[in-house]
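Below: one structure, written as structure tokens.
Each chain gets a letter, A, B and so on, in the order its sequence line appears, and its residues count up from 1. Since the model is a prediction, treat every value here as computed from it, not as a measurement.
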Amino acid sequence: MLQVYNTLTRRKEPFPKQPGETVTMYVCGPTVYKPSHIGHMVGPVIFDTVKRYLTYLGFSVRWVVNITDVDDKLIARSAELGTTVPALAQRMTEDYFECLKQLNVTGVDAFPRATEHIGGMIRMIGHLIAKGYAYPAGGSVWFDVSKDEDYGKLCNRDPEQMAEGGRIEPNPHKRNPGDFALWKGAKPGEPPEVTWESPWGPGRPGWHIECSVMSTTLLGETIDIHGGGLDLKFPHHENELAQSESATGKTFARIWMHNGLLKLRSKEGKEDKMAGSIGNVLNVADALKHVSGEVLRFFILNTHYTSPIDLGVWDREKDPIPTSIEAARKAYATFERLAERYQRITGTAFHELKAPTRASTDYPPPLRDFQQRFRHHMDDDFNTGGATAVLFELASFLNRTADTGKLESAQDLDSPEGQVFRQGAMLLKELGQILGLFWSAPASLALGADGQLVGGLMQLLIDLRNNLRAEAKKIPGKDDPAKKALFAQTDLIRQRLAELGIVLEDRPTGTTWRRA
RNA sequence: GGCCCCUUAGCCAAGUGGUAAGGCAGUGGAUUGCAAAUCCGCCAUUCCCCGGUUCGAAUCCGGGAGGGGCCUCCA
């Protein structure tokens with residue numbers, strides 16, 4: 001049975017709905033003022049996987065991710081760049097969407113923009129004032145935390161103590177130190193495109209009210225899952241929860257899920273989260289120059305989502321990419337080589353194999369066991385790290401099956417091993433799909449722009465080399481100088497290709513090549 | 001100062017009361033003309049330290065050390 005860790009109760013709970021029912025999920029999206037870095041992808045990848053698994057179990061999931069396209073940082077950054085807030089937001093939103101696409105995050109049903117919901121925010125703020133939870137002061141509107149009895153329940157925080165030791169800016173208009181802005185009065189000099197009229201004067205919405213309104217508008221007053229990064233717990237989610245429940249009187253979210261943050265370690269060994277303010281970011285676009293989106297996704301899913309993801313020490317001068325991602329690339333190559341093998345044997349591409357997206361039960365015993373173990377891990381609070389281990393074991397099983405069955409081509413698929421291989425490959429695809437993997441051709445087979453030419457030249461080289469090998473093998477004995485000379489030539493060709501990043505593999509059925 | 005969390009092999013990382021998954025690296029073998037790939041082995045008597053509970057603890061409790069997140073914008 002599916003269990004999910006709920007930040008609100010601080011324990012694992014049985015999932016509150018039954019297969020067949022609709023699950024609503026809201027995840028806080030980005031403020032679109034800078035290109036996305038790897039850390040921004042953790043939440044989307046995890047919740048995309050959550051949706052895929054829930055779908056696999058038979059739930060129907062509706063998932064919303066907001067885009068914050070008006071805010072202080074956007075105003076500051078667009079002024080710096082000499083552009084407008086909408087133009088900058090548009091550009092960075094496109095960057096974000098492209099990153100999601102590269103990481104195969106396909107499950108988001110709606111991306112509402114904050115600026116499309118100003119009316120709803122004004123209504124909710126008015127409602128909160130009418131109910132006595134909020135008050136206008138100095139052109140802004142504040143939420144009164146002292147009026148909300150259970151304020152602080154998500155983070156176990158006492159509003160009375162918030163002033164002490166904290167770094168809350170004193171504001172003469174606030175009644176309590178912990179009060180936060182629902183509506184921010186326009187400051188002089190702010191561009192008109194970030195100013196809206198309201199009953200309390202011109203201004204723009206506070207950050208927290210956006211999510212309350214967009215989730216309520218698109219998913220209803222009570223949602224099933226609210227997700228986001230651990231750094232958003234306070235104040236953002238706490239405030240969102242307070243506003244929403246004060247306004248509706250209903251439970252805002254049944255389950256709160258928080259993903260761990262991506263961390264980089266400095267050379268001194270100190271760990272830091274990846275953040276623009278610290279300057280230690282790795283942009284998605286830059287990472288994609290060195291590894292595929294599949295590898296990045298696999299890397300993220302290797303760790304349980306509640307744990308911080310350790311990028312380790314990264315020496316930018318030396319390595320194009322952190323060694324932890326490089327290790328993930330090497331590990332993932334196991335699956336890519338199996339995909340190549342699948343293609344050699346069956347003649348069809350593994351990533352194009354159509355596998356069920358719902359749980360199927362008709363696998364024979366040795367395979368069913370892999371499926372059950374995979375599900376067991378996923379049922380335990382989406383333990384993707386444990387689940388990937390099962391994928392590796394299944395890959396190993398498939399290679400073993402192909403070895404013992406001597407599977408080389410499509411004719412061999414009728415044998416008992418051939419049948420198991422075919423079904424096992426289907427299961428691997430089925431389970432990989434849940435993690436959002438195996439959707440693209442292995443990078444090692446990519447030919448690039450001059451694909452036909454490169455492929456042709458490679459075949460030419462391979463044919464010439466194999467002529468030499470055949471000549472050499474005709475010469476009897478081991479130490480014949482002529483034989484040695486021929487093999488020296490074939491080895492030189494392989495060596496020089498390796499220096500170009502191309503690996504030749506001599507198999508009983510012929511020579512294949514791939515990128516390292 | 002307050003609130004939360006983490007510490008498992010050289011590295012990454014599952015495991016949440018029944019005797020340590022998986023990956024990277026390393027290493028021995030099968031296979032190969034040699035490689036590569038693949039397969040079969042080996043690689044933590046022990047889970048930061050010290051106490052306690054228990055027939056039994058990496059797992060629960062107490063204390064200590066180290067690290068992290070939040071309390072300000074942050075995925």
### Message
Are A/I300 and A/L103 packed together at the side-chain level, in the sense that at least one heavy-atom pair is separated by less than 4.5 angstrom?
### Response
yes
### Message
Roughly how many Å apart are B/A13 and B/C6, using the P atom of each and rounding to a whole number?
### Response
14 Å
### Euclidean distance for C1', B/G68 against B/C48 (whole angstrom)
15 Å
### Message
Measuring only the P atom in each nucleotide, how far is B/G22 from B/A75? A whole number of Å is fine.
### Response
37 Å
### Query
When we call it a touch if two heavy atoms are under 4.0 Å apart, what does A/A472 touch: a base, just sugar-phosphate, or nothing?
nothing
### A/R11, CZ: over 12 other non-hydrogen atoms inside 6.0 angstrom
no
### Task
Walk me through it: do A/N239 and A/Q243 pass the test side-chain hydrogen bond (donor to acceptor under 3.5 Å, both in side chains)?
CA-CA 6 Å; A/N239 293 350; A/Q243 293 161 350; over 6 Å; no
### Message
Say we look at B/G51 and B/U45: how far apart would their C1' atoms be, to the nearest angstrom?
### Response
22 Å
### Query
NA contact type, A/L232, heavy-atom cut-off 4.0 Å: base, sugar-phosphate, or nothing?
sugar-phosphate
#### Entry: Side-chain N,O (A/N156) to OP1/OP2 (B/C4) below 4.0 Å
yes
#### Entry: Short side-chain N/O contact from A/N383 to OP1 or OP2 of B/G15, under 4.0 Å
yes
### Message
Please list all pairs meeting salt bridge (Lys or Arg N to Asp or Glu O under 4.0 Å) that have one or both residues in residues 370-387 of chain A, counting only residues at least two apart or in different chains.
### Response
A/K12-A/D380, A/R373-A/E393
### Task
For B/U8 versus B/C4, give the span between their P atoms, rounded off to a whole number of Å.
23 Å
### Task
Give one of base, sugar-phosphate or nothing for A/T388, where a contact means two heavy atoms less than 4.0 Å apart.
nothing
### Task
Counting Watson-Crick and G-U wobble pairs whose two distances are both under 3.5 Å, find the runs of 3 or more in a row that involve RNA chain B.
B:1-7 with B:65-71, B:10-12 with B:22-24, B:26-30 with B:38-42, B:48-52 with B:60-64
### Query
Nucleotide by nucleotide, 5' to 3', does protein get under 4.0 Å of the base (B), only the sugar-phosphate (S), or neither (-) in nucleotides 32-38 of chain B, counting heavy atoms?
-BBBBSS
#### Entry: Inter-nucleotide C1' distance (B/C43, B/C50), Å rounded
30 Å
### Message
Measuring centre to centre across the rings, with the benzene-like ring taken for any Trp, is A/H237 within less than 6.0 Å of A/W256?
### Response
yes
### Task
Would you check if the side chain of A/T384 reaches a backbone N or O of A/A387 as a donor-acceptor pair within less than 3.5 Å?
no
### Task
Could you work out the separation of B/C71 and B/G15 based on their C1' atoms and round it to a whole Å?
33 Å
### Message
What contact category does A/G43 fall into here, base, sugar-phosphate, or nothing, at under 4.0 angstrom with non-hydrogen atoms?
### Response
nothing
### Full working for side chain to side chain contact (heavy atoms under 4.5 Å, CB included) between A/M257 and A/Y305
CA-CA 9 Å; A/M257 289 174 69; A/Y305 76 91; 3.4 Å; yes
### Query
On a whole-Å scale, what distance lies between the P atoms belonging to B/A58 and B/C47?
7 Å
### Message
Any base atoms under 4.0 Å from A/H304, or only sugar-phosphate, or nothing? Heavy atoms, all strands.
### Response
sugar-phosphate
### Message
Any base atoms under 4.0 Å from A/L262, or only sugar-phosphate, or nothing? Heavy atoms, all strands.
### Response
base
### Query
Looking only at atom types and distance, does a side-chain atom of A/N66 sit under 3.5 Å from a main-chain N or O of A/G29, one as donor and one as acceptor?
yes
